[in-house]
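Computed from heavy atoms alone, side chains included, the values below leave out hydrogens, waters and symmetry copies. Both counts, for ligands and for their atoms, begin at 1 and track the order of listing.
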Amino acid sequence: MITGVATEPIIIFILLLKTYVYKSFVILYIKTLNTKIYLKNEGVNMSVFENNIKRLENLKEIINITDEQMQILLKPKRELKGNIKINGKEYEAYRIIFNDALGPGKGGIRFHPKVNEDEVKSLAFWMALKNSLVGLPYGGAKGGVSIDPKQLTKKELEDVSRQYMQLFYENFGQNKDIPAPDVNTNSQVMAWMLDEYEKIKKKHEFSMITGKPIELGGCELRAGATGQGGAIVLDNIIKKIGKNPHETTVAIQGFGNVGSYLAKFLYDKGYKIIAISDITGMVYENNGLNIHEILENLKDKTYLNELDLEIKDNNELLYLPVDVLAPSALENQITKENADKVKAKIILEMANGPTTSEADEILNKNNILVIPDILVNSGGVIVSYFEWVQNKLGNFFEMEDLEIKLEKILNKATDNVFNHKLKEKHDLRTVAYALSINRILDAEKLRGNCE
Ligand code: GLU
């Protein structure tokens, strides 16, 4: 009894001390942005956001970002957090709006057990860069719930979607922050969220969310847009480096919305997809897989291992000697631990943040061309923009016109990155970050927020 009473205050004291030390550290890193002290885990395993700080720190010297500008760039505008209750269990829910100098927040909402604050913050930061790079009138935002939707019934999934909107509806709006689908969310989830928002607000506002079903103001191109966009960017670069799609082999990690549409669009352009994988395994065929057949057979199934095909270890996919490796699942797949094992010539970053900053250095040293996520996977948000404009105007554009426009925006952004003079000395990610951060900083200067 006496021991119990005595240890409790000690534990509380230790916990308070830990929080104090952590907080002091955060304050220290903000105060010392011109030094490298704030990279507390450098050399160990950096968090996803620490990777972003490191990349920005490297860029600071290249494009002369001032300390004042660094502080603006690294500070989220709004960070919202809450809890969602399903069957007596609580799950964390987030919405983070990063820099919004260029316009309202824009970015998806993911449902995944690994969702956490550091990840959502990084994803919001990347959205800000992505939107800026391709010239959209948006800031960056991202949301998530730390839940596995595959374990939920349809009714429970609807409940999660509606509770999410009840938590954060005040933050959303067509000129404030506009969500969309991301990992494990789709047009049905967007429909429930829209409906909840409109019920609370007692008005219709299609343009407050994108990636909706067609019947509720969605855009036909949206479902496959991220994959389609990736195929457009790759095709542009393959031609620039004098290669032919028919002799280009591709391996795709992840066969969800992004990976499967990428496979379809590349297959239709004549690329040879020799391997695809999901969490259950890898399907491999040296002479090229028939993607249409696989997609047809997957219609009433969820995972690759349910197909009548030989299944191999999915870990092998990252190290196949292919021309193009397309990580299309989650962040932190290529790290300093495995980057040296990658044999692909080109990495097409379909996922957000699949490569860490330390892996970047190894891949560059090994002459592997990394086409960065903020360019490669921007097709989704570009088509979200078309949807938003249509909803705001109360009008619809022809699908062919939108496809031409998507291609134009992506080719222009790809040319801007690939032909930039910084490319003589730096990798494509550095060039893309430089272009995008300069646009954000121009907007910040015009608003009078910095020099
Ligand atoms: N979730 C997608 C992304 O990461 C799309 C975001 C959007 O359409 O707003 O780019």
Check your understanding: Under 6.0 Å between the ring centres of Tyr267 and Tyr271?
Key -> no
May I have every N or O pair linking ligand 1 to the protein at under 3.5 Å, one per line with atom names and distance?
from, atom 1, to, atom 2, distance (Å)
ligand 1, 1 (N), Pro181, O, 2.9
ligand 1, 1 (N), Asp182, OD1, 2.7
ligand 1, 4 (O), Lys130, NZ, 3.1
ligand 1, 4 (O), Lys142, NZ, 2.9
ligand 1, 4 (O), Asp182, OD1, 3.4
ligand 1, 4 (O), Asn352, ND2, 3.2
ligand 1, 8 (O), Arg222, NH2, 3.0
ligand 1, 8 (O), Ser384, OG, 2.6
ligand 1, 9 (O), Lys106, NZ, 2.8
ligand 1, 10 (O), Lys130, NZ, 2.6

Point to revise | OH/Tyr261: more than 12 non-hydrogen atoms of other groups inside 6.0 Å | key: no
Point to revise | Residue pairs fulfilling side-chain hydrogen bond (donor to acceptor under 3.5 Å, both in side chains) with at least one residue in residues 213-224, sequence neighbours excluded | key: Arg222-Ser384
Practice item. Kindly state whether the ring of Phe125 and the ring of Phe98 have centres lying under 6.0 angstrom apart. Key: yes
Review point. Given Glu331, which of Arg110, Lys114, Lys142 fulfils the salt bridge (charged side-chain N to carboxylate O under 4.0 Å, His left out) condition?
Key: Arg110
Study note, to complete from the structure: Output for pair (Ser357 OG, Glu57 CD), nearest 0.5 Å, gives 11.5 Å
